[in-house]
Q: 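Quick one: this structure, given as structure tokens, is what I'll be asking you about.
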2 protein chains.
Amino acid sequence: MTTGAALADLAALLADRTRAQFCLALLDGRAWTAGELAALAGVAPSTASEHLGRLVAGGLLVERRQGRHRYVQLAAPEVAQLLEDLGAHAAPRGAEPVGLRAVATTAALAWGRTCYDHLAGRLGVAITSALGERGLLDLTGGFALTTDGMAWFRAELGFVPVPSRRPVARACLDWTERRSHLAGQAGAHLRSRMQHNGWIAGRGDGRAVRLTPSGTRALSDLLGVTLPTAATPT
Amino acid sequence: MTTGAALADLAALLADRTRAQFCLALLDGRAWTAGELAALAGVAPSTASEHLGRLVAGGLLVERRQGRHRYVQLAAPEVAQLLEDLGAHAAPRGAEPVGLRAVATTAALAWGRTCYDHLAGRLGVAITSALGERGLLDLTGGFALTTDGMAWFRAELGFVPVPSRRPVARACLDWTERRSHLAGQAGAHLRSRMQHNGWIAGRGDGRAVRLTPSGTRALSDLLGVTLPTAATPT
DNA sequence: CCCTCGGTTCGGCGGCCGCCGAAACGTCGG
DNA sequence: CCGACGTTTCGGCGGCCGCCGAACCGAGGG
């Protein structure tokens with residue numbers, strides 16, 4: 001069975017500030033080099049190297065060596081989900097952001113961000129509840145695409161679910177909104193499509209996301225959602 | 001935002017074998033005394049006391065002082081979910097049970113067990129898939145009770161969802177079956193009802209559960225599920 | 001072919017953390 | 001009122017772990 005030791009070993013991987021910082025950064029879904037992560041966390045390259053070794057050995061990350069670079073990435077969507085779940089529990093306990101820059105960053109993240117491969121923040125929650133109001137997503141009995149919803153996703157976004165252990169629709173608890181937003185295959189497809197269509201655009205280097213003018217129009221047309229184009233610049 | 005530090009602090013709570021063992025034991029949903037947990041983990045009472053202090057301070061556990069006893073319990077269903085999710089990730093990595101007693105225990109747990117407040121193991125998965133086959137639970141688009149399912153739960157089990165942040169139906173990944181079983185309000189109600197009706201009974205002291213003869217009959221009548229009455233005694 | 005640069009390995013240092021035993025505290029029972 | 005018992009507090013001990021710098025390795029680039 002799941003002995004305490006196995007659980008403790010897994011938790012120990014995330015129980016270090018530097019490693020946790022790495023994982024949080026990797027939540028943007030991209031592959032980072034060892035050096036980038038070291039600089040981000042403010043530790044020596046050697047230290048970062050050791051941490052990455054442990055995270056990879058523990059199965060949380062996968063690596064791809066390319067020339068003299070070592071790219072690492074979250075091993076699977078499930079890992080991202082686990083990190084978000086942990087984050088949702090960790091957030092409530094105080095820890096207000098300090099300093100102007102931190103506040104601005106936090107505000108941008110709260111407005112909209114990618115959560116590994118789908119959308120979160122006010123943006124993600126607004127889309128999710130709009131899907132619910134239109135009867136495309138069942139929010140009352142759980143979290144599932146209705147037959148209407150399945151048809152809508154196919155017609156409007158060209159989405160066809162692939163058979164997989166990954167659920168089509170899944171609730172992901174939002175740590176800023178304290179409400180669930182759409183994750184799973186459908187959530188990932190929605191984000192990738194919106195990005196591809198230029199409806200959303202990254203805001204600087206982080207996970208923050210803003211809505212473009214065409215995105216504002218598209219959401220209004222498709223779902224009747226009225227959201228302002230990016231309040232803050234860049 | 002969720003800084004790495006907050007996440008690391010939370011993970012650190014579970015990064016110790018003894019604390020992890022405590023939490024796993026508490027997954028049965030009952031309240032344990034400090035002494036019981038100390039004996040279970042094989043540590044001195046003083047050590048257990050310190051661990052419990054940290055777990056309570058971290059918000060994972062709540063305590064209730066009664067006379068000279070200190071009862072602790074998981075703070076919320078969300079905590080149980082988090083632990084199960086972590087367990088699901090931790091399990092895959094090797095760690096076969098060793099010894100006859102351990103094997104027997106593991107087998108009993110794999111057959112059926114409570115997962116905080118709902119059913120898991122082969123029993124939980126079988127019920128879940130039966131609900132799906134009968135069109136009561138939508139498994140294709142996510143995890144939600146259909147309107148038929150909502151009616152069935154009310155008629156057969158007297159279940160009415162209460163307005164709450166807790167989802168009515170939720171998928172909980174099973175670490176033995178590698179498939180999802182029903183959790184959330186509906187899952188919890190189902191288990192409590194089955195227990196109340198004497199359809200299931202605890203197997204010894206742990207979380208393991210067996211199906212009683214009347215339970216076998218009931219499941220067959222209600223859902224057409226044919227499961228043997230407890231294969232192993234007690 | 002050498003130089004640069006990203007990454008790794010290794011030794012060593014410092015601090016944190018889990019453990020225990022001893023002593024103290026409060027509750028319960030007789 | 002006294003003894004038993006569950007729990008807590010406090011030192012103190014040992015080990016693990018995260019950190020760094022220095023040396024090393026290998027891939028590119030000029």
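Order of the sequence lines fixes the chain letters, A, B, ..., with proteins taken first and strands second; residue numbering starts at 1 for each chain. Everything numeric here is computed off the predicted structure, so don't read it as measured data.
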Q: Rounded to whole angstroms, how far apart are CG on B:Leu37 and P on D:dT8?
A: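 Between P of D:dT8 and CG of B:Leu37: 11 Å.
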Q: Parallel under 30°, tilted from 30 to 60°, perpendicular over 60°: which one fits the rings of A:Phe22 and A:His51?
A: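 Plane angle over 60°, so perpendicular.
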Q: CG of B:Leu14 versus C1' of C:dC17: gap in Å, rounded?
A: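 These atoms are roughly 16 Å apart.
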Q: Rounded to the nearest angstrom, tell me the gap between atom CZ in B:Arg68 and atom C1' in C:dG29.
A: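 It is 8 Å, rounded to the nearest whole Å.
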Q: Considering all heavy atoms of both residues, which atom of B:Ser180 and which atom of B:Thr128 are nearest to each other, and what is their separation?
A: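 That would be O-CG2, 4.0 Å.
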Q: Regarding A:Asp9 and A:Arg54, does a basic nitrogen lie under 4.0 Å from an acidic carboxylate oxygen?
A: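 A salt bridge is absent here (no side-chain N lies under 4.0 Å from a carboxylate O).
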Q: Return the 5'-most residue of the pair A:Thr47, A:Gly67 with respect to DNA chain D, ranking by each residue's nearest nucleotide.
A: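 Result: A:Thr47.
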Q: Tell me: NE2 of A:His69 to P of C:dT4, nearest whole Å?
A: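 Taking atom P of C:dT4 as the reference, NE2 of A:His69 is at 17 Å.
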Q: Would you mind reading off the distance between A:Leu52 atom CG and D:dC19 atom P, rounded to a whole angstrom?
A: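 These atoms are roughly 12 Å apart.
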Q: Using only modelled atom types and a 3.5 angstrom limit, is any donor from either the side chain of B:Ser46 or the base of C:dG21 paired with an acceptor on the other?
A: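 Between C:dG21 and B:Ser46, which were checked side chain against base, a qualifying N/O pair under 3.5 Å is present.
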Q: Report the distance from atom NE2 of B:His51 to atom C1' of C:dC19, rounded to the nearest whole Å.
A: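 Distance, rounded to whole Å: 8 Å.
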Q: Is the closest basic N to carboxylate O distance between A:Glu84 and A:Arg170 below 4.0 Å?
A: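 Looking at A:Glu84 and A:Arg170, the cut-off is not met.
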Q: Rounded off to whole Å, could you give me the CD-to-P distance for the B:Glu63 and D:dG6 pair?
A: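 About 18 Å, once rounded to whole Å.
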Q: Would you say D:dT8 has OP1 or OP2 under 4.0 Å from some side-chain N or O of B:Arg65?
A: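 The answer is yes; a side-chain N or O of B:Arg65 sits under 4.0 Å from OP1 or OP2.
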Q: For A:Glu50 and D:dG21, what is the distance between atoms CD and C1' respectively, to the nearest whole Å?
A: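 Those two atoms, CD and C1', are 12 Å apart.
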